[in-house]
Amino acid sequence: MAEIMYWEAIRRAHDEEMERDPLVICMGEDIGVAGGTYKATKGLYEKYGAERVIDTPISENGYTGLGIGASFLGVRPIIEIMSVNFAWLAMDQLFNSAAKVRFMSGGQLTAPVVVRSAGGTAHQLGAQHSARMEKVFMGIAGLRVVTPSSPRQAYGLLKSAVRCDDPVYINEHELMYNMKGEVPDEEYFHPLEGSEVAREGSDVTLFGYNVSVHWCVQAAQTLAKQYGINAEVVDLYALAPLDRAGIAASVRKTHRAVIVEEAEPAVGVGAEVMAIINEECFLELDAAPVRVSAANVPMPYNHGLEKAAIPNAGDVVAAVRKMFGK
Amino acid sequence: MNVADKKRLLREMLFARRFEERCYEAYVERKIGGFLHLYPGQEACCHGVLEAARPGHDYVITGYRDHVHAIKCGADPKEVMAELYAKETGSSKGRGGSMHIFDTKHHFMGGYALVGGPFPLAAGMAKAVKMKGGDEIAICFLGDAANNQGTFHESLNMAKLWELPVLYVCENNLYGIGTRIDRSTAVIDQYKRVAGYNIPSAQEDGQDIEKVFKAAKKAVDHVRSGNGPYFLELMTYRYRGHSMSDSNAYRSKKEERMWSDRDPIIMLRDRLIKAGEMSKDDYKAMDTELLDEIENDIIAFAESSPEPRVDELERYVFADNDPWVYGGGR
């Protein structure tokens with residue numbers, strides 16, 4: 001098992017799928033000749049040519065719709081939207097066309113597109129380049145939403161997403177492309193549904209996804225070492241549909257839940273997981289579930305303000321300590 | 001276009017007219033719900049263009065005024081009516097409705113209800129055809145008002161940039177919902193707007209099916225021969241309001257009369273009568289036959305069909321048992 005970077009894992013998945021199936025293409029801004037802003041398509045233009053590695057104009061809704069139309073006829077486009085902030089512009093095609101076409105055609109037509117995008121906050125990118133939009137995507141029926149927290153997931157989720165007949169949105173993270181991790185040498189397909197226990201524990205469950213899984217793991221180590229609290233960490237790599245059974249199973253074991261999200265709290269992953277806990281296993285709870293979320297502000301440019309707007313492992317530790325009265 | 005073709009087209013257009021008028025009645029009777037956008041007045045556009053193309057072979061996509069395009073592609077009118085009646089036997093199994101008729105086995109790739117939504121989808125289908133090396137073309141029918149959406153410009157740019165085999169047909173009926181074109185659009189002649197993308201284009205009388213056919217033939221040949229996209233503007237008029245909820249109060253009687261004097265069906269009929277190819281009685285007999293078919297065959301089928309089952313509400317959201325959802329099968 002080799003250790004590779006997140007971007008390399010995504011690149012490898014692209015390469016293998018394009019090698020296997022001539023109808024797999026990739027498209028997006030700067031992905032071809034320039035090699036991709038995050039290098040996720042590096043070298044593919046040279047290998048597969050301009051017909052299959054398509055540098056698009058800056059027309060997010062247009063090229064997303066074009067990819068969806070191509071997918072109607074069996075093409076499997078992997079569409080990169082450079083930054084999730086630009087995906088707002090592609091919402092029309094993604095939601096109105098891709099997510100709904102199977103249903104509104106009575107199962108005649110499907111849109112097997114993959115849309116990948118870099119989300120999250122990075123370093124002082126300001127209000128219009130720091131959106132965390134997973135909450136928007138996961139609220140739309142007909143769209144699968146996954147979000148890799150490691151190179152292994154980034155590789156395996158993309159592999160499965162390309163082959164799945166449903167449209168899949170993959171929420172990546174601006175700060176994670178250079179993260180290293182082990183990826184199986186052989187082909188690996190990660191499930192598009194479910195959740196993973198990233199750390200076994202017994203006292204409280206910390207639910208995270210994408211970058212917040214790492215905050216949770218870090219917090220769990222501190223909690224164990226300094227406060228004797230044994231936290232379980234559940235990685236919600238699938239945001240739509242969410243793993244109701246997996247969420248409930250962990251809460252039944254620990255009886256306490258903290259949901260950690262990089263996004264603003266309203267109508268988000270935390271709210272949704274709390275609702276699931278209430279619906280599935282309310283009587284198992286020993287304490288009210290808690291959210292650790294971003295401040296409800298457009299992202300500030302100032303570094304200090306930006307840091308204050310986004311949660312971190314310390315905030316998770318503080319939330320758990322409060323819950324335990326420690 | 002020979003005499004037999006003209007007679008067949010007259011019959012097809014009259015059928016389309018009577019079908020849509022019967023939809024109107026069914027809507028008033030509350031047998032059809034939702035929004036209903038009818039096609040009377042514009043028949044020569046759909047029929048003339050698709051006559052010049054290969055319906056059932058070429059990939060056709062349009063907006064919400066879609067019943068007639070689906071039928072001309074080969075959709076069974078019984079299934080289209082059953083869809084409007086929201087029945088399980090409908091073309092979209094009662095899940096789509098008037099604005100979302102689909103018949104993919106005849107390459108009718110759907111009606112879409114966001115104005116301008118099909119522009120990039122059509123370009124994408126053309127991209128797929130080009131990749132797969134087929135001789136199909138993509139044909140996108142939309143109204144003039146769709147050209148004020150960003151997707152129009154984004155799609156034309158990409159279609160030309162990558163020389164995609166797509167024909168954009170603009171059925172210019174002069175109104176975007178209830179707003180007249182000169183009150184919404186800086187450039188009235190739509191075919192001129194595509195010059196900025198270096199796409200060849202033409203404007204034609206959309207009421208005269210022979211003229212439409214001729215212009216469309218040129219357009220289709222251009223696209224099918226690998227010369228990239230083409231844009232054809234057809235000047236036409238819808239007789240009814242934008243949808244059934246539109247009182248149609250924004251147009252003058254004079255204007256409406258001017259257009260109904262150039263009715264595409266009557267024009268072709270009179271031409272055939274004048275040429276001695278058809279009598280008034282022949283036409284009346286044909287009309288009676290079509291009305292009978294619609295009532296006894298099509299409406300009866302829709303009326304007697306079952307509703308979708310409520311326990312199947314969540315079907316068709318995702319693919320059934322896709323193994324890749326579970327990482328390649330469990």
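The model shown is predicted, which means the values in this text are computed figures rather than measured ones. In what follows, chains are A, B, ... by sequence order, proteins preceding strands, each numbered from 1.
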TODO: Could you tell me which portion of A:T110 (side chain, backbone, both or neither) has an atom closer than 4.5 angstrom to a non-hydrogen atom of chain B?
DONE: neither
Task: Toward chain A, the part of B:F152 with a non-hydrogen atom under 4.5 Å - done: neither
Task: Non-hydrogen atoms of A:P22 and B:M131 that approach each other most closely - done: O-CE, 3.5 Å
- [ ] With a 4.5 Å cut-off on heavy-atom pairs, point out which of B:G110, B:S91, B:G90 contacts chain A the most.
- [x] B:S91
Open item on the list: Could you report the tightest heavy-atom contact between B:K127 and A:I54, atom names first, then the distance?
Closed with: CE-CD1, 3.6 Å
- [ ] Nearest 0.5 Å please: distance from the CD atom of B:E314 over to the CZ atom of A:F103.
- [x] 9.0 Å
- [ ] Below 4.5 Å from any heavy atom of chain A, which atoms of B:T151 appear? Answer side chain, backbone, both or neither.
- [x] side chain
Task: Heavy-atom check, side chain of B:Y112 versus side chain of A:M104, under 4.5 Å - done: yes
Task: Heavy-atom closest contact (A:F72 atom, B:M109 atom, distance) - done: CB-CE, 4.1 Å
Task: Max heavy-atom pair count under 4.5 Å with chain B, selected residue of A:K159, A:K100, A:R144 - done: A:R144
TODO: Write down the atom of A:A70, the atom of B:A128, and the distance for their closest heavy-atom approach.
DONE: O-CB, 3.7 Å
Task: From B:W162 atom CH2 to A:T56 atom OG1, the distance as rounded to the nearest 0.5 Å - done: 6.0 Å
Open item on the list: Less than 4.5 Å to any heavy atom of chain B: does that hold for the side chain of A:E193, its backbone, both, or neither?
Closed with: both
Open item on the list: At a heavy-atom distance under 4.5 Å, which candidate from B:A122, B:A123, B:G116 has the highest pair count against chain A?
Closed with: B:A123
Task: Residue B:M125 versus chain A: region with a heavy atom under 4.5 Å - done: both
Open item on the list: Rounded to the nearest 0.5 Å, what separates atom CD in A:Q108 from atom OH in B:Y316?
Closed with: 9.5 Å
Task: Under 4.5 Å from any heavy atom of chain B - which part of A:S71 - done: neither
Task: A:E187 atom CD: more than 12 heavy-atom contacts under 6.0 Å - done: yes
Open item on the list: With chain B as the partner, which of A:G107, A:S160, A:G142, A:S97 has the greatest number of non-hydrogen pairs under 4.5 Å?
Closed with: A:G142
Task: Close approach to chain B in residues 58-68 of chain A, criterion heavy atom under 4.5 Å - done: A:S59, A:E60, A:N61, A:G62, A:Y63, A:G65, A:L66, A:I68
Task: Closest heavy-atom pair and its distance - B:L121, A:Q93 - done: CD2-OE1, 3.6 Å
Task: Top of B:N157, B:D322, B:D103 for chain A proximity - count of heavy-atom pairs under 4.5 angstrom - done: B:D322
Open item on the list: Tell me the closest heavy-atom pair linking B:F318 and A:P241, and the distance in Å.
Closed with: CE1-CD, 4.4 Å
TODO: Return the option, out of A:V168, A:L192, A:D166, with the maximum number of heavy-atom pairs under 4.5 Å with chain B.
DONE: A:D166
Task: Part of A:P112 within contact of chain B (heavy atom distance under 4.5 Å) - done: neither
Open item on the list: Heavy-atom cut-off 4.5 Å, strictly under: side chain, backbone, both or neither for B:I101 against chain A?
Closed with: neither
Open item on the list: With a 4.5 Å cut-off on side-chain heavy atoms, are A:P57 and B:E154 touching?
Closed with: no
Scan the side chains in residues 74-81 of chain A for donor-acceptor partners under 3.5 Å anywhere in the protein, sequence neighbours excluded, and list what turns up.
residue	atom	partner	partner atom	Å
A:R76	NH1	A:V162	O	3.1
A:R76	NH1	A:R163	O	3.2
A:R76	NH1	A:C164	O	2.8
A:R76	NH2	A:D165	OD1	2.6
A:E80	OE1	A:R116	NH1	2.8
A:E80	OE1	A:R116	NH2	3.3

- [ ] Take atom CG of A:D185 as the centre, draw a 6.0 Å sphere, and report whether it contains more than 12 heavy atoms from other residues, nucleotides or ligands.
- [x] yes
Open item on the list: Quick one: does any side-chain atom of A:E51 pair with a main-chain N or O of B:K130 as donor and acceptor, under 3.5 Å?
Closed with: no
- [ ] Mind checking the CG-NE2 spacing from A:L73 to B:H107? Nearest 0.5 Å is all I need.
- [x] 7.5 Å
Task: Which of A:S105, A:A111, A:A141, A:P167 touches chain B most, by non-hydrogen pairs under 4.5 Å - done: A:S105
Open item on the list: Taking side chain as everything from C-beta outward and backbone as N, CA, C, O, which of these in A:L143 sits under 4.5 Å from a heavy atom of chain B? Side chain, backbone, both or neither.
Closed with: backbone
